[in-house]
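The sequence lines fix the lettering, A, B, ..., with proteins before strands; numbering per chain opens at 1.
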Number of protein chains: 2
Amino acid sequence: MLMYRPFESQLNQELGKHGLHRAQWTILYYLVNEGPSTLVELAHYQRVEKPTMTRTVSRLEELGYVDHIPGKDRREKRMQLTAEGTKVYKKVRVTIDKFEQEILEGIPEDTQQLIIESMKAIRMNLINKESAK
Amino acid sequence: MLMYRPFESQLNQELGKHGLHRAQWTILYYLVNEGPSTLVELAHYQRVEKPTMTRTVSRLEELGYVDHIPGKDRREKRMQLTAEGTKVYKKVRVTIDKFEQEILEGIPEDTQQLIIESMKAIRMNLINKESAK
DNA sequence: TTATTTAGTTACCTAAGCTAACCATTAGCC
DNA sequence: GGCTAATGGTTAGCTTAGGTAACTAAATAA
């Protein structure tokens, strides 16, 4: 909670150097790691509603960072990174890696590892909580 | 990063039960802990620009949760919690405490402590980074 | 006493959430 | 096979919450 705004404002500043925003960035991130995905998959991952994803993805499409290939289903829209999108991802990745290193400065390596593990556990708690409602 | 949306969406859901939002909540939180404060102090704490704070605070004013007392300076607007605001804070506090406990479930007590300390350190790094630009 | 800084506001733009209502397509079922 | 459900996505319209630029009023500094 006490990190929320400092983190978001600094992150947006780093991303802003490349004309990106947080919500857009996490989509690129997901596509790189999971490969071509449908809007529903992306929306589920990000915990947003479908219309939100439609809009954000179409922004990325306009920027030329993603495009859609037809899935086997004529309803679904499978999104994938374009060559341009991959290029941008790699470039921003460097900035973000540096950013993450900077904010973790002074925290011992093993503690960092512990934090990352704990974050995953917290994420699971959050997601379970949600589906349990 | 991977916690961002799950956290925000669940937090907003908890706060929504009381008709509040994240940005509003953190203002109440600050006022409870720091006492009556000016808009500039609040904006600085939250890492937002002044106009953003003006708007959010005036929303809280409409809700009757805060009001302003004149500072010694005829420019500044010192905000304080109303009785109603204090009442709401206490009520929401219970919900949030429970929420925090739930998401930390399964994480050992000492690790939780370590995480909280680390968060403070990260926050400092973020803030230093910002002012160093 | 003039110039500069500080606190706050107004106006306007953008990103990114949400819900409600909808269309198309697919899957399930009798 | 043909109706009904469920699923994937979109459109429209709302809200919160961030940002800049340009401003006023008051206080400070030169």
ask   = Using a cut-off of 4.0 Å between protein heavy atoms and nucleotide atoms, how would you tag nucleotides 17-23 of chain C 5' to 3' with B, S and -?
value = BBBB---
remark   = Protein heavy-atom contacts under 4.0 Å, written 5' to 3' over nucleotides 23-30 of chain D as B (base), S (sugar-phosphate only) or - (none), form the string ---BS---
task = Verify the contact: side-chain N or O of A:Q13 to OP1 or OP2 of D:dG19, cut-off strictly under 4.0 Å; return yes or no.
result =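 No.
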Report the distance from atom [atom1] of [X] to atom [atom2] of [N], rounded to the nearest whole Å.
X: A:N12; N: D:dA17; atom1: CG; atom2: C1'; value: 12 Å
X: B:R78; N: C:dG8; atom1: CZ; atom2: C1'; value: 14 Å
X: A:L15; N: C:dA15; atom1: CG; atom2: C1'; value: 13 Å
X: B:M79; N: C:dG8; atom1: CE; atom2: C1'; value: 12 Å
X: B:R59; N: D:dT15; atom1: CZ; atom2: P; value: 10 Å
X: A:E61; N: D:dG9; atom1: CD; atom2: C1'; value: 13 Å
X: A:I27; N: C:dA15; atom1: CD1; atom2: C1'; value: 12 Å
X: B:H68; N: C:dA7; atom1: NE2; atom2: C1'; value: 13 Å

inquiry  = I need the residues from residues 34-42 of chain B with at least one non-hydrogen atom less than 4.0 Å from DNA chain C; give them sorted by number, or say none.
reply    = B:T38, B:L39, B:V40
query = In Watson-Crick or G-U wobble terms, both distances under 3.5 Å, what is the partner of D:dA6?
reply = C:dT25
Closest heavy-atom pair and its distance - [X], [Y]:
X: B:P36; Y: B:Q80; result: CG-CB, 3.9 Å
X: A:E61; Y: A:K77; result: OE1-NZ, 4.3 Å
X: A:Q46; Y: A:A23; result: NE2-O, 3.3 Å

ask   = In terms of heavy-atom contacts, does OH of B:Y4 have more than 12 from other residues, nucleotides or ligands at under 6.0 Å?
value =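 Atom OH in B:Y4 is crowded, with more than 12 foreign heavy atoms closer than 6.0 Å.
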Contacts under 3.5 angstrom, residues 93-108 of chain A side chains, donor-acceptor by atom type, not counting sequence neighbours:
residue	atom	partner	partner atom	Å
A:R93	NE	A:D97	OD1	3.3
A:R93	NH1	A:Y89	OH	3.2
A:R93	NH2	A:D97	OD1	3.1
A:T95	OG1	A:H18	NE2	3.1
A:E102	OE1	B:K129	NZ	2.9

task = Indicate yes or no: does A:K87 engage A:E84 in a salt bridge with an N to O separation below 4.0 Å.
result = yes
note = Those residues at least two apart in sequence (or on a different chain) that pass salt bridge (Lys or Arg N to Asp or Glu O under 4.0 Å) with A:D67 are none
task = Could you check if a side-chain atom of B:R22 sits within less than 4.5 angstrom of a side-chain atom of A:M1, using non-hydrogen atoms only?
result = yes
ask   = Just by modelled atom types, is the B:G35 backbone N or O under 3.5 Å from a matching donor or acceptor in the B:S37 side chain?
value =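 Judged by distance alone, yes, a pair lies under 3.5 Å.
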message = Among residues at least two apart in sequence or on other chains, which ones pass side-chain hydrogen bond (donor to acceptor under 3.5 Å, both in side chains) with B:K17?
response = B:E14
ask   = Can D:dA5 be described as syn, meaning its chi torsion is within 90° of 0, or is it anti?
value =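 What D:dA5 shows is a syn base, its glycosidic angle lying within 90° of 0.
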request  = Examine B:M3 and B:L114 and state if one hydrophobic cluster contains both, with Ile, Leu, Val, Met, Phe, Trp and Tyr joined whenever side-chain heavy atoms are less than 4.5 Å apart.
outcome  =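 B:M3 and B:L114: separate clusters.
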